[in-house]
Number of protein chains: 2
Amino acid sequence: MQLKKYTDYGLRILMYLGSVQNSELPDKRATIKEICETFKLSANHVNKVVHHLGRLKLIETRRGKHGGFLLAKAPDEIRLDYVIRELEGDEAWIDCHNPYCVALPACELNSIVGRGKELFYEHLSRYTLKDLLKNSAQLQQIFLTAGQSPALNRSA
Amino acid sequence: MQLKKYTDYGLRILMYLGSVQNSELPDKRATIKEICETFKLSANHVNKVVHHLGRLKLIETRRGKHGGFLLAKAPDEIRLDYVIRELEGDEAWIDCHNPYCVALPACELNSIVGRGKELFYEHLSRYTLKDLLKNSAQLQQIFLTAGQSPALNRSA
DNA sequence: TCAAAAGATACATCAATAATGCACTTTATA
DNA sequence: TATAAAGTGCATTATTGATGTATCTTTTGA
Ligand code: SF4
Ligand code: SF4
């Protein structure tokens, strides 16, 4: 019972964009390479998440030289329930088929857990990317220094 | 993002006991074999869940001939949040260490998701095994007939 | 016009862990 | 004392998430 790293990576990417695309640099693009260096992640995996975020129209991707991606919406328009539902995949938390469970016709459990799941998402729906950027200054600082270190290593 | 089958099996076992140990047969013991035949499950896996439920003092197990197990508490004293927390394992839904995430010092996400998780369990805490036995009569019927069929197959 | 830099796409492989199986032990009781 | 039950530890399999490789396409600037 844990969110996929894939989902968390998606949120990290959005946080990164939200913190780097501040009022002074509203059109700043980030690249996959940059994200990977900051968070020490696999480029391929991040690639897939970025692509997914692009399909969801949460970010705008651009290929080619000087390409990259940036937020396609204001941070307060990006709701966490939506992001997590989409990245995580919105399956039932108990699978009563595969294989079929005999109790199903009389079972109350699946609906109780299902309602609990909805409460989880309702809670998330009260937050947006903007809430994740509360400590924006500190995040900027972190991302700045985290992005620096591999540069030092490259020359070593 | 799904509960483990292990957890669901535990709840099935409790439902089975609750429905079979009715007012007429309050001391009726069930066996692992019986559960497996009813739900078509692996004896070894059920074995482990039964053992776990025994350690949690939710059921009372007895070894040896004419052994088996029965509920150790009234159904309305067995809260679903407790059962699911224990069987599922109560880990954080996002792991910010392993490997360490640079954003952690400034990140709001883990606490938002953590609160959502608690809301999920708070919801479950409003239900007990008794609620799962709402359709007790139908469950009894289901378990009775489900337990019969393999008996027919054994002689075939 | 071509080379380089970026994301897009498809497929392959690895790793983690849940799920299951097997063998054997211990205990109760008829 | 044989048998039927749960207890225990270890091995194996299956699932799927995580990661890697290769190649393609798009964009842009020299
Ligand atoms: S016990 Fe209820 S929730 Fe669990 S698999 Fe069966 S029908 Fe679904
Ligand atoms: S982004 Fe936040 S929640 Fe996700 S791993 Fe990093 S610190 Fe934890």
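Naming: A, B, ... by sequence-line order, numbering from 1 per chain.
Note: NZ (B/Lys4) to C1' (D/dA14) measures 16 Å, nearest angstrom. Distance B/His45 NE2 to D/dG7 P: 15 Å, rounded to the nearest Å. Taking atom CD on A/Glu34 and atom P on C/dA5, their separation rounds to 15 Å, with Å as the unit. Here the C1' atom of nucleotide C/dA18 and the CG atom of B/Asp8 are 14 Å apart, to the nearest Å. Here D/dA18 presents its C1' atom at 18 Å from CE of B/Met1, a figure rounded to the nearest Å. For B/His52 and C/dA19, the NE2 to C1' distance is 16 Å, given to the nearest whole Å. Residue B/Phe39 contributes atom CZ, which lies 16 Å from atom P of C/dA19 at whole-angstrom precision. B/Gln2 has its CD atom 15 Å from the C1' atom of D/dA14, to the nearest Å.
To the nearest 0.5 Å, atom CE of residue B/Met15 and atom CG of residue B/Leu129 are 8.0 Å apart. Atoms CG and OH, from A/Leu14 and A/Tyr9 in turn, are 15.0 Å apart once rounded to the nearest 0.5 Å.
The side chain of B/Asn44 lies closest to C/dC22 when the candidates are C/dT20, D/dT19, C/dC22. Taking the side chain of A/Lys65 as heavy atoms from C-beta on, and the options C/dT29, C/dG7, D/dT28, the nearest nucleotide is D/dT28. When distances run from any side-chain atom of B/Asn47 to the nucleotides D/dT19, D/dT8, C/dA30, the shortest one goes to D/dT8.
In this structure, the side chain of B/Glu86 does not engage the main chain of B/Leu56 through any donor-acceptor pair within 3.5 Å. In this structure a side-chain-to-backbone donor-acceptor pair under 3.5 Å is missing from A/Lys130 to A/Gly18. Between the side chain of A/Lys40 and the backbone N or O of A/Glu37 there is at least one donor-acceptor pair closer than 3.5 Å. Listed for the B/His123 side chain is a donor-acceptor partner under 3.5 Å among the backbone atoms of A/Ile112.
The phosphate of C/dA18 has neither OP1 nor OP2 within less than 4.0 Å of any side-chain N or O from B/Tyr9. In terms of phosphate contacts, B/Ser42 brings a side-chain nitrogen or oxygen within less than 4.0 Å of OP1 or OP2 of C/dG21.
For the segment residues 80-99 of chain A, the set of residues with a heavy atom within less than 4.0 Å of an atom of DNA chain D is empty. At a non-hydrogen distance threshold of 4.0 Å, A/Arg62, A/Arg63 from residues 54-63 of chain A come into contact with DNA chain D.
Residue B/His66 is in sugar-phosphate contact alone, with no base atom involved, counting any heavy-atom pair closer than 4.0 Å across all strands shown. Looking at heavy-atom distances under 4.0 Å, A/His51 makes contact with sugar-phosphate atoms alone, never a base.
Using cut-offs of 30° and 60° on the angle between ring planes, the pair A/Phe120 and B/Trp93 is perpendicular. The aromatic rings of A/Phe39 and A/Phe143 stand perpendicular to each other, their planes meeting at an angle above 60°, with 30° marking the opposite boundary.
Between B/Glu118 and B/Arg85 there is a salt bridge, with a side-chain nitrogen of the basic residue lying less than 4.0 Å from a carboxylate oxygen of the acidic one. Ionic pairing of B/Glu108 and B/Arg115 is not present here: no N-O contact between side-chain nitrogen and carboxylate oxygen is shorter than 4.0 angstrom.
Between the side chain of B/Lys48 and the base of C/dG21, a donor-acceptor pair under 3.5 Å is found.
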